[in-house]
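Before any comments, here is the structure.
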Amino acid sequence: MITYKKKSSMAASGFGFYFLVFLVAFGASLEATNGQLSTKFYKSTCPKALSIVQEGVAAAIKNETRVGASLLRLHFHDCFVNGCDGSILLDDTANFVGEKTAVPNNNSVRGFNVVDDIKAKLEESCPGVVSCADLLAIAARDSTVYLGGPSWKVRLGRRDSTTASKAAADASIPPPTSNLSALISSFAAQGLSSKNMVALAGAHTIGLARCTSFRDHIYNDTNIDKSFAKSLKRICPKTGKDNALANLDLKTPFSFDKFYYMNLLKKKGLLHSDQELFNGGSADQMVNTFAKNTSLFFEDFSIAMVKMGNIKPLTGSAGQIRINCRRVN
């Protein structure tokens with residue numbers, strides 16, 4: 001009897017353990033089914049998912065530092081077009097024109113090959129489990145951290161769209177010519193506050209921009225430091241050299257820090273939309289605050305990234321888990 005009781009106890013204990021594991025996995029799945037993303041979504045279904053993405057991002061940035069900013073931007077440009085659903089990664093098909101050739105993206109968004117490489121490794125480890133939309137969300141965080149920025153717990157469980165829209169991308173992603181009012185409205189349409197907008201703009205502390213994005217600002221605007229504008233005119237003439245590049249943050253373009261805001265105080269924002277954040281308007285105070293306080297900028301940036309990552313995710317049975325991020329299964 002004693003031996004029997006011990007066996008029963010062990011059996012019950014084993015059942016309880018596996019039942020608990022099931023509940024944890026089921027709970028994460030249920031959260032995503034109900035539209036609530038979970039930081040533990042892949043804990044049981046693909047336990048190596050986060051490390052695979054992190055390693056892929058680190059290798060890519062070591063190979064080309066600029067790609068860190070590109071991966072962060074991909075997540076932003078994905079989420080602003082019908083939600084964070086991986087639609088930006090889809091190539092054109094006979095049924096739709098995708099988002100890659102939209103005005104804000106054409107010859108501008110990049111990092112697709114890095115996404116392909118990471119996705120291939122995820123498919124090797126756990127086939128058909130990790131979505132392309134989640135890959136972008138994780139890669140954005142890991143790129144930020146690698147370049148010296150803050151970390152945050154990425155909420156996961158998004159599924160991938162089966163279509164994309166060039167028209168929606170053209171309409172939803174704010175262009176670099178936007179004024180402050182247009183920026184506030186554009187972010188508000190996504191459920192993001194003015195504070196979120198100013199914090200997310202801080203992503204421009206890393207990366208580069210093409211001449212076509214800042215030409216009007218350096219030749220036609222008055223709210224720009226004259227010597228700064230003059231130096232940029234040598235890179236970007238009034239006509240030609242559209243693809244010539246300049247640092248979004250003239251001091252530390254590959255370090256995630258507060259210099260972006262400090263540049264704005266000196267009227268050295270590269271884009272018209274950048275300098276609009278500090279041009280006598282309602283965003284001035286927040287720019288001043290972030291320019292003085294790195295930790296507050298990092299905290300608010302992290303909060304805004306989590307909030308942005310929760311824009312209209314596809315969950316449950318909606319969408320699919322694309323095997324190849326460039327095309328529908």
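Quick caveat, the model's predicted, so the values are computed rather than measured.
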Under 4.5 Å between any side-chain heavy atoms of [X] and [Y], yes or no?
| X | Y | result |
| --- | --- | --- |
| Ser282 | Ile184 | yes |
| Phe228 | Lys268 | yes |
| Thr177 | Ser273 | no |
| Arg66 | Phe254 | yes |
| Thr205 | Leu248 | no |
| Val306 | Met308 | no |
| Asp274 | Phe214 | no |
| Gln275 | Ile224 | no |

Roughly how far apart are [X] [atom1] and [Y] [atom2], rounded to 0.5 Å?
| X | Y | atom1 | atom2 | answer |
| --- | --- | --- | --- | --- |
| Leu89 | Leu135 | CG | CG | 8.0 Å |
| Met305 | Arg141 | CE | CZ | 10.0 Å |
| Leu122 | Ser131 | CG | OG | 9.5 Å |
| Thr163 | Phe96 | OG1 | CZ | 5.0 Å |
| Cys132 | Ile88 | SG | CD1 | 12.5 Å |
| Leu250 | Tyr260 | CG | OH | 12.5 Å |

Is it possible for you to say whether [X] and [Y] belong to one hydrophobic cluster, with membership spreading through side-chain heavy-atom contacts below 4.5 Å?
| X | Y | result |
| --- | --- | --- |
| Ile52 | Tyr146 | yes |
| Leu271 | Ile206 | no |
| Val145 | Ile61 | no |

Minimum-distance pair of heavy atoms, taken over all atoms of [X] and [Y]:
| X | Y | result |
| --- | --- | --- |
| Gly309 | Cys84 | O-SG, 3.5 Å |
| Leu277 | Asp284 | O-OD1, 3.4 Å |
| Ala168 | Asn82 | CB-ND2, 3.8 Å |
| Leu90 | Ser161 | CD1-OG, 4.0 Å |
| Cys325 | Lys119 | SG-CG, 3.7 Å |
| Ile321 | Arg158 | CD1-O, 4.4 Å |

Donor on one side chain, acceptor on other, [X] and [Y], under 3.5 Å:
| X | Y | result |
| --- | --- | --- |
| His272 | Asp221 | yes |
| Arg73 | Ser108 | yes |
| His204 | Asp249 | no |
| Thr101 | Asn106 | no |
| Asn107 | Asn243 | no |
| Ser227 | Asp225 | yes |
| Ser295 | Asn293 | yes |
| Glu99 | Ser87 | yes |
| Tyr261 | Asn288 | no |

Please determine if Lys100 forms a cation-pi arrangement with Phe112, meaning its NZ or CZ atom is less than 6.0 Å from the six-membered ring centre and no more than 45° off the ring axis.
yes
Within the side chain of [X], is there an N or O that forms a donor-acceptor pair under 3.5 Å with the backbone of [Y]?
| X | Y | result |
| --- | --- | --- |
| Asn196 | Ser193 | yes |
| Thr144 | Ala140 | yes |
| His217 | Gly269 | yes |
| Arg322 | Gly86 | yes |
| Glu276 | Leu180 | yes |
| Asn223 | Asn279 | no |
| Gln190 | Ile311 | no |
| Asn263 | Phe259 | yes |
| Ser255 | Asp257 | no |
| Ser213 | Ala209 | no |

Check the pair Asn324, Asn329 against side-chain contact (heavy atoms from CB on, under 4.5 Å), reporting the backbone distance first and the verdict last.
CA-CA 7 Å; Asn324 182 328; Asn329 294 343; over 6 Å; no
Stepwise side-chain contact (heavy atoms from CB on, under 4.5 Å) check, Asp170 with Val103:
CA-CA 6 Å; Asp170 281 329; Val103 173; 3.5 Å; yes
Please say whether more than 12 non-hydrogen atoms of neighbouring residues, nucleotides or ligands are located less than 6.0 Å from [atom1] in [X].
| X | atom1 | answer |
| --- | --- | --- |
| Lys307 | NZ | yes |
| Lys241 | NZ | no |
| Glu64 | CD | yes |

Please report whether the ring centroid of Phe80 lies less than 6.0 Å from that of Phe187.
yes
With side chain to side chain contact (heavy atoms under 4.5 Å, CB included) as the test, pick out the partner of Leu200 among Leu72, Asp300, Leu192.
Leu192
For Leu270 and Leu232: C-alpha separation, side-chain torsions, deciding distance, then whether side-chain contact (heavy atoms from CB on, under 4.5 Å) applies.
CA-CA 9 Å; Leu270 181 64; Leu232 290 169; 3.7 Å; yes
May I ask you to decide whether [X] forms a salt bridge with [Y], counting only side-chain N to carboxylate O separations under 4.0 Å?
| X | Y | result |
| --- | --- | --- |
| Glu55 | Lys48 | no |
| Asp92 | Lys166 | no |
| Arg159 | Asp85 | no |
| Lys121 | Asp117 | no |
| Arg327 | Asp91 | no |

Evaluate Leu156 against Thr39 for side-chain contact (heavy atoms from CB on, under 4.5 Å), listing each step before the verdict.
CA-CA 6 Å; Leu156 303 166; Thr39 58; over 6 Å; no
Could you go through the ring-ring contact (aromatic ring centres under 6.0 Å, His included) check for Phe297 and Phe256 one step at a time?
CA-CA 11 Å; Phe297 162 45; Phe256 201 99; 5.7 Å; yes
